[in-house]
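Notes to accompany the following structure.
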Amino acid sequence: MKVVTIVGARPQFVKAATVSRAFAACQPAVTEVIVHTGQHFDANMSEVFFTEMQIPKPQYQLELGGLGHGAMTGRMMERIETILKDEKPDWLLVYGDTNSTMAGALAAVKLQVPVAHVEAGLRSFNRAMPEEINRVVSDHVASLLFAPTDAAVRNLANEGITGKKVVRSGDVMYDAAMFYSRFGRGQVLQSLGLRPREYFLATIHRQENVDGPQQLETIVRALSRCARELPVVLPIHPRTRKKLAETGLDHLVEADRLRLVDPVGYLDMVELEKDARVILTDSGGVQKEAYFFGVPCVTIRGETEWVELVECGANRLAPPVSVQAIVDAALAAAGDTSKPPVGLYGDGHAADAIAQRLATA
Ligand code: UDP
């Protein structure tokens with residue numbers, strides 16, 4: 001059994017780490033060929049994850065980062081098609097919702113290589129998000145759909161995707177959080193001069209938040225206001241750093257309280273998440289990790305794919321239209337002592353189930 005896995009962006013390295021480990025232990029044996037598209041290429045957005053999470057070295061490095069959506073997706077498809085013709089895998093495995101996901105899925109389905117999609121069925125119902133297009137297309141061409149949540153299974157059913165090809169697998173990001181959080185170095189708080197529960201952690205990178213100057217200004221002003229209460233640490237995505245500089249909004253950052261730091265590796269990120277008072281984010285993965293570690297979350301968006309977190313009160317939505325609304329949500333979350341229900345994302349063994357299912361498919 002041979003699987004070609006496509007990865008390219010930071011969240012995919014985290015997801016693939018768990019499934020690649022499960023493949024290595026799988027019976028019957030699975031040969032995995034990893035293709036890295038290069039969508040994220042900085043060392044702290046890519047290499048650090050392969051090293052820390054012991055992800056096998058990719059056999060193919062396509063180096064296709066830094067391009068517009070069309071050029072990136074098209075060139076990825078072209079290169080992946082050639083690889084699939086050479087490797088002749090039994091399955092093509094893709095994760096999540098990036099251009100790499102969609103390019104891999106489309107290249108494979110046209111060669112009649114069956115596609116397995118991990119994190120299938122997620123929907124924001126906002127087609128202005130490039131990720132939403134990538135998800136819908138990937139789900140509709142996949143032969144095996146690993147849906148992390150009940151809501152994801154329902155979304156697929158509403159689009160006519162039902163039956164044995166849909167597997168409610170649980171979430172591989174929960175597996176990653178449980179497994180890798182044991183290996184932290186225990187130094188990152190100290191190195192940033194932070195005390196447990198006495199800081200906010202923030203991440204911002206969604207295109208609609210970063211590329212709209214109005215939205216970005218609202219977010220920077222809100223984080224600066226939060227920083228008057230407690231220090232805010234913002235490991236800053238390269239796209240966000242670039243936009244702050246281009247728009248001149250970096251001058252609004254009060255550097256002593258709103259701390260912009262380079263993106264951190266997964267082990268340090270998990271430590272920052274675990275001890276934060278509140279997490280403010282527009283990341284999909286970080287919303288869930290807040291819940292995994294029992295930290296209240298404010299999602300700086302108008303909607304989320306992880307609806308169960310809002311329904312159970314673990315997460316609050318605060319769209320980037322009002323500075324005050326974001327600050328109010330952060331302060332309410334900081335005082336929140338309620339205990340959300342456990343177990344929304346499986347039992348920490350989703351990756352084993354996925355590997356086993358593929359090995360015997
Ligand atoms: N992450 C990290 N370092 C950072 C910021 C995020 O390791 O500086 C991790 C985070 O813990 C999560 C993943 O990256 O596992 C989420 O990726 P991202 O926010 O880029 O993408 P999304 O989840 O929104 O697709």
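Throughout, numbering of the chain's residues begins at 1 and tracks the sequence. Numbering of ligands and ligand atoms starts at 1, following listing order. These numbers come from the heavy atoms of this one structure, side chains and all, not from hydrogens, waters or symmetry mates.
In this structure, Gln287 falls outside the shell of residues with a heavy atom less than 4.0 angstrom from ligand 1. For Met45, the closest heavy-atom approach to ligand 1 does not fall below 4.0 Å. In this structure, Met173 counts as a contact residue of ligand 1, since one of its heavy atoms falls inside 4.0 Å of the ligand.
By the 30° and 60° cut-offs, the orientation of the rings of Tyr345 relative to Trp306 is perpendicular. Using bins of under 30°, 30° to 60° and over 60° for the plane-to-plane angle, the ring pair Phe50/His36 lands in the parallel bin.
In this structure, Lys274 does not pair ionically with Glu271, as no charged nitrogen and carboxylate oxygen lie closer than 4.0 Å. Comment: Glu305 does not engage Arg123 in a salt bridge, judged by the lack of any side-chain N to carboxylate O separation of less than 4.0 angstrom. We find that Arg316 and Asp336 are joined by a salt bridge, their nearest charged nitrogen and carboxylate oxygen being less than 4.0 Å apart. Here Arg75 does not pair with Glu78 in a salt bridge; the nearest charged N to carboxylate O distance is not below 4.0 Å. Ion pairing between Lys2 and Glu32 fails under the 4.0 Å rule for side-chain N and carboxylate O.
Each of the following atoms of ligand 1 lies closer than 4.0 Å to a heavy atom of Pro263: 8 (O). Atoms of ligand 1 lying under 4.0 Å from any heavy atom of Phe49, numbered from 1 in the order shown and given with element: 2 (C), 7 (O). Close contacts between ligand 1 and Arg206 involve ligand atoms 24 (O), 25 (O) [criterion: under 4.0 Å to a heavy atom]. Distances below 4.0 Å separate heavy atoms of Glu273 from the following atoms of ligand 1: 11 (O). Residue-ligand proximity, Pro235 to ligand 1, at heavy-atom distances under 4.0 Å covers atoms 8 (O). Proximity to Met269 (heavy-atom distance under 4.0 Å) selects the following atoms of ligand 1: 1 (N), 2 (C), 3 (N), 4 (C), 5 (C), 6 (C), 7 (O), 11 (O). Short contacts between ligand 1 and Gly265, defined as distances under 4.0 Å to a heavy atom of the residue, involve ligand atoms 7 (O).
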Please output the side-chain donor-acceptor pairs of residues 213-220 that fall under 3.5 Å, not counting sequence neighbours, one pair per line with the distance.
unit_1	atom_1	unit_2	atom_2	d
Glu217	OE2	Arg221	NE	2.9
Glu217	OE2	Arg221	NH2	3.0
Thr218	OG1	Gln214	O	2.9

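Of the protein's non-hydrogen atoms, the one nearest atom 11 (O) of ligand 1 is Glu289 OE1, 2.6 Å. Looking only at heavy atoms of the protein, atom 6 (C) of ligand 1 is closest to Arg10 CZ, 3.5 Å. Of the protein's non-hydrogen atoms, the one nearest atom 3 (N) of ligand 1 is Val264 O, 2.7 Å.
Considering backbone and side-chain N/O atoms, Gly284 comes within less than 3.5 Å of an N/O atom of ligand 1. The shortest N or O to N or O distance between Ser283 and ligand 1 is under 3.5 Å. Residue Thr203 has no N or O atom closer than 3.5 Å to an N or O atom of ligand 1. The distance criterion of under 3.5 Å between nitrogen or oxygen atoms is not met by Asp97 with respect to ligand 1. In terms of N/O distances under 3.5 Å, ligand 1 is not approached by Asp282.
Asn209 and Asp282 form a side-chain donor-acceptor contact under 3.5 Å, judged by distance and modelled atom types alone.
Here the SG atom belonging to Cys26 is positioned 9.0 Å from the CE atom belonging to Met1, to the nearest 0.5 angstrom.
For the pair Arg21 and Phe23, the cation-pi criterion (under 6.0 Å, within 45° of the ring axis) is not fulfilled.
Looking at Val14 against ligand 1, only its side chain comes within 4.0 Å, counting heavy atoms.
Judged purely by atom type and a 3.5 angstrom limit, Arg79 has no side-chain atom pairing as donor or acceptor with the backbone of Met76.
With Pro11, Ala9, Gly285 as candidates, the residue nearest to atom 21 (O) of ligand 1 on a non-hydrogen basis is Pro11.
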